[in-house]
Number of protein chains: 4
Amino acid sequence: MYFASDNSAGVAPQIMSALARANEGYARGYGADEAMARVTTQIRTIFEAPEALVHLVATGTAANALSLATLCPPWAAVFCHETAHIEEDECSAPEFYMQGGKLTLVAGTHGKMTPAALRARIAERGQSLHNTQRGAVSLTNVTEPGTVYTAAETAALCAVAREFDLPVHLDGARFANAVVASGASPADLTWRAGVDVLSFGGTKNGLMGVEAVVIFDPAKAPQRGPEFELRRKRGGHLFSKHRYLSAQFEAALTDGLWLDLATHANRAAAKLAAGLARKPGVSQRHPVEANLMFPTWPRGTHARLLAEGAVYYDADSPESEGARLVTSWATSDAEIEAFLSAF
Amino acid sequence: MYFASDNSAGVAPQIMSALARANEGYARGYGADEAMARVTTQIRTIFEAPEALVHLVATGTAANALSLATLCPPWAAVFCHETAHIEEDECSAPEFYMQGGKLTLVAGTHGKMTPAALRARIAERGQSLHNTQRGAVSLTNVTEPGTVYTAAETAALCAVAREFDLPVHLDGARFANAVVASGASPADLTWRAGVDVLSFGGTKNGLMGVEAVVIFDPAKAPQRGPEFELRRKRGGHLFSKHRYLSAQFEAALTDGLWLDLATHANRAAAKLAAGLARKPGVSQRHPVEANLMFPTWPRGTHARLLAEGAVYYDADSPESEGARLVTSWATSDAEIEAFLSAF
Amino acid sequence: MYFASDNSAGVAPQIMSALARANEGYARGYGADEAMARVTTQIRTIFEAPEALVHLVATGTAANALSLATLCPPWAAVFCHETAHIEEDECSAPEFYMQGGKLTLVAGTHGKMTPAALRARIAERGQSLHNTQRGAVSLTNVTEPGTVYTAAETAALCAVAREFDLPVHLDGARFANAVVASGASPADLTWRAGVDVLSFGGTKNGLMGVEAVVIFDPAKAPQRGPEFELRRKRGGHLFSKHRYLSAQFEAALTDGLWLDLATHANRAAAKLAAGLARKPGVSQRHPVEANLMFPTWPRGTHARLLAEGAVYYDADSPESEGARLVTSWATSDAEIEAFLSAF
Amino acid sequence: MYFASDNSAGVAPQIMSALARANEGYARGYGADEAMARVTTQIRTIFEAPEALVHLVATGTAANALSLATLCPPWAAVFCHETAHIEEDECSAPEFYMQGGKLTLVAGTHGKMTPAALRARIAERGQSLHNTQRGAVSLTNVTEPGTVYTAAETAALCAVAREFDLPVHLDGARFANAVVASGASPADLTWRAGVDVLSFGGTKNGLMGVEAVVIFDPAKAPQRGPEFELRRKRGGHLFSKHRYLSAQFEAALTDGLWLDLATHANRAAAKLAAGLARKPGVSQRHPVEANLMFPTWPRGTHARLLAEGAVYYDADSPESEGARLVTSWATSDAEIEAFLSAF
């Protein structure tokens, strides 16, 4: 009954096997390993983007912060939702890597920005010498509250960015869950909609610790690639034994494993949500569209679940009745049933 | 015949097994895993430092840069050898994490600073408002040219730092090799000599990708710990699935594995150096004291070795006759013999 | 009819005379001039703060950004009003000097924060390792929309900061106008209310280009002073011919000139506002409490005023009917009358 | 007998008059004043560079640091002489504005780099992903030890920079003195020799506090200009009452005043040096070519000069017999004679 986070789960067995296989002999370091070339090919194929540049880092915060720093200068504002991970959960890493940039927050229900709200926020940031300049738009899909942007919604937001000639970053820490939930193709959810750089998450989807930064941006990719690589090295995020990052992604992208893992997680969430819907006194604060949910129930129920061994966020908050539950590739039916019957 | 780097080797089998064992069930993230508590205890025991703080990161550059940023303010100079890894091979990561600090270089044969040279360099940096302030001393052991500071030499350099009231950082990317080579205890090579913060390398010593930052500094450790943790998070170096970092170090520190691996690497280097010493036209530019060496031989020999499949730095340089060879836990006698007979 | 800004006016004649007097003979540089010692004494006396530290810089942005960087670490959030100058008009200078900090915005009518809104915003910023940490509160008095915090209002906001153990910065680019408007003593509007560091503006109040940073904070001032000085030098804000900064402030603080100049500006605004109130179709968007106002009138009136030679912000905006008018020490009755009769 | 620095002198009377004249009426702020347009024209004419961009700041440190930050990315090294002001006297301001760049030091007698030494230092900085990248070359003329690069020497060093495709910055805090001393035209000492950006000093040459950053670089100037302006604002170096910066430079550049002031200072130094040459026991550590000198005499003489009221650097050092004497536009024959007779 462990629903604290999708990163509380371990590593999928296929990934562990791949790591063991990768451990044979010597390999060139720092991204020059042969597996990395294969990962680049896989990602280009899956995203239908034969020119995309791909670089691996080990954490989502590194992927996001390095991407934003590459997309805009230090005196720029990144427009993002007020609940975005980059705003709430990265200890000002984006501002550190941007070397003093700003996040300008856009409100919106269920973690999603509307084109109108985004446009208004960009427009109101003046563009004289006195102002922080407009820098980039950063979307998150799956959003922090667990909702999912469709390809059309993504495209509409990217179109607003284009009105102001701004590049678009997509924080896809749970991108696999978004693909599965939306039914859209990876290309439709990203570059075809107007996304320039994607943080393509692996860690939350059953990998050990690896995220791919995918630079689509056809005109600017050749310049952005080397800059990204220098920023990655300078941030301490270039791995000497890089083959172990490559191996994880290669295995995940083989035979659709990454989608299978996300499908499992999303289905587990749906099952859990369906079970909760039948419990009296339970409501959901946001639509359950991927692998996380934010239900509310009475404090007494929290205490009982805690006593039964359930683990999730805010189980022990003295004030709030709300919970956050996250499912993963590893969530079992038994766990879901145990949780529901502990109610 | 792979002597390019100790990070070209794979992961020692005991470490791979530990990773597999660590992959059971759920675990708390971000350093709150149970294995991390055990690693802290192990390191405190091995270093005879019951109050030391221990934090893990995945790369040596992160360990060094975060350590230096925690030790001195942005307007400070770090005094280090002119061949130090932080100066030569980290793409200005220390300056980035220090947010504009300076490395002030000290010359010295075979990669080692003398107390007199260090003192002179510190003294000549003025301390008015107009000057970059004196910040910290950073040593490297094993040095980049492969030599080893003894405990007494370390203590003498730390004493100079203390004359100026400066803290001392030790870049120990190959610390295990230095312990083995010097015969000194971990404590004697670090805090007992006056080192405040150690970058304790794992990756080059048969781990997958993990370094421990050990904050000894008894008076200031309680303050430096939280600051280090915030800097680590903000740098994108806090791992959600942290258990896999912990597991590597826990296995390495169990039953002296870390010393066994370094002993193997150092012995392989000694064997290789002994074989090279019998070859005509070969000389060493630095004493071979740990697991790397810098021999010189005629260009024609390089071409022959390259043709035979040897891999090492500057085998293919058109200009230089010098080579860099590094041995590791994985270097086999067969490789050494094949290399020597390819001469 | 020049109402674009109080910094469009020139330098008060007494200040020009002081500069001429300061131009005799040689003087020590970088703040060691004798006049600076006198300025410190004057400010300590006027603020009834015998231990306060005083440092001069030439721009308000430098004063604010250096103050905030001295008050909080790079991973911290400064809580300020959403219209604050540091957010809107300094091109991310605070984030640059803080080296990646964040401004967290508080809403509030007429540019003023309420204690409740401030408290809620501070409280909602989580304090785990994942969050940007709480850093400081920054107030502005006179506010950007031209309203004035009373001493009691200032104290109430500082009390909220103290609940969270946060230091308080006051952007006093128009501090003289606030003192005059509020009728409070300089001490009551600052340290006695709980302000730790004041950006004490000179430039907008008839000086040529100088602001005093006053560090009251009795417990931490001795540490903050040297850090501020190093940050000032490192920011390029330490003047070699510092005597000309000192001379301006010394003259302004002699015989209450600074208050006379602000009184003139505030009275001019009151006169102008009174005249506007008699014009049909004119309304004020904010209470006129100091020396700036934000009236609204029909587009056609803007065009006519512009044609008559009036200068003010947004006279020529194609969209907005709103204007910003600022009076200064130099505003003459003739200008006001000409403006009103051009209506 | 005040020889501590050329910035210990006051402001030339013509400049003071210009400031008084500038103080009439209202003026647009932030560089949009009419005088600034005239300054730009003057500088373009004097430098025979009709496309040059000109921006004013108030301190030499700001001019240098902002210039370097505009010329190279944060992961780059600036190659400069080991005695350069940017290395020795700016408290790591260049590293702060570059956001973590590096200064790589070149040795050379009398403060001057040779092309060979510069070339060697640039060449030895590797250019893999692991290295701080090559960024720019920064020259200083007049050098810190008081020597002067000729136009040919400048061109030879710029040619080395061009070999590596690096831009060139010239710290001209005493550029007027260099022009006078070298007899070269402003154009020959800068862009025609290959300089891309000049810090054109005013403060040390009888102005109150203003330096012009001149961006020659014909191909890149249009891009660098806006970036420089944003960096200037963000650094807090954009003056609201900018007309007082413009007025200083306009007066200095009118009728060759800037050259007259520098000629006076250089002649005073020559006179003083000639007088010292006749004193027994006095030697010069560097050739006296502009307006500063580094003589040596016995400690006892220092004590006597000090007692007589002489002011200069290291008069009171307990250890050194060396002095630094600087003359300025304000140095009088009487001072020189009094100093020489106090010997």
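The structure displayed is predicted, hence computed values, not measured ones. Letters go in sequence order (proteins before strands), and every chain restarts at 1.
- Considering only heavy atoms from C-beta on, D:T203 stays 4.5 Å or farther from C:F239 through its side chain.
- In terms of heavy-atom pairs under 4.5 Å with chain C, the best-connected choice from D:H242, D:M208, D:R28, D:E24 is D:M208.
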Report task. Evaluate the ring-ring contact (aromatic ring centres under 6.0 Å, His included) criterion for residues D:F3 and C:Y26: first the C-alpha distance (whole Å), next the side-chain angles of each, then the deciding distance (0.1 Å), finally the verdict. Result -> CA-CA 9 Å; D:F3 300 104; C:Y26 295 97; 8.0 Å; no

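- In terms of non-hydrogen atom pairs under 4.5 Å with chain C, the most contact-rich of D:P13, D:S92, D:A62, D:A20 is D:S92.
- Residue C:E211: no heavy atom, backbone or side chain, is found under 4.5 Å from chain D.
- Although no hydrogens or angles enter the test, the distance criterion places no donor-acceptor pair under 3.5 Å between the side chain of D:R234 and the main chain of C:E95.
- Of the inter-residue distances, the one linking D:R232 atom CZ with C:C91 atom SG reads 11.5 Å to the nearest 0.5 angstrom.
- Looking at D:K233, its side chain does come within 3.5 Å of a backbone N or O of C:D89 through a donor-acceptor pair.
- For a residue to count as touching a neighbouring chain, one of its non-hydrogen atoms must lie under 4.5 Å from one of that chain's; by this rule D:Q99 touches chain C with the side chain only.
- Of the two parts of D:M16, only the side chain, counted from C-beta on, holds a non-hydrogen atom closer than 4.5 Å to a non-hydrogen atom of chain C.
- Of the residues considered (C:A9, C:S328, C:P94), C:A9 shows the highest number of contacts with chain D, using heavy-atom pairs under 4.5 Å.
- With a 4.5 angstrom heavy-atom cutoff, D:Y97 touches chain C via backbone and side-chain atoms both.
- Both the backbone and the side chain of D:A330 have a heavy atom closer than 4.5 Å to some heavy atom of chain C.
- For OH of D:Y30, the number of neighbouring non-hydrogen atoms (other residues, nucleotides, ligands) closer than 6.0 Å is greater than 12.
- With a threshold of 4.5 angstrom between heavy atoms, D:A4 does not approach chain C through any atom at all.
- Contact count versus chain D (heavy atoms, under 4.5 Å) is highest, among C:G235, C:A65, C:A63, for C:G235.
- Using a 4.5 Å cut-off between heavy atoms, C:Y244 contacts chain D through its side chain alone, with no backbone atom that close.
- In plain terms, the two heavy atoms of D:S240 and C:N7 that are nearest each other are CB-ND2, 3.4 Å.
- The minimum heavy-atom distance between D:L238 and C:T59, with the atom names listed, is O-CG2, 3.9 Å.
- Both the backbone and the side chain of C:H237 come within less than 4.5 Å of a heavy atom in chain D.
- Within the 4.5 angstrom heavy-atom criterion, atoms from both the backbone and the side chain of D:L19 approach chain C.
- When every heavy atom of D:T61 is checked against every heavy atom of C:G236, the shortest pair comes out as CG2-CA, 3.7 Å.
- If you measure heavy-atom distances from D:L245 to chain C, you find no contacts under 4.5 Å at all.
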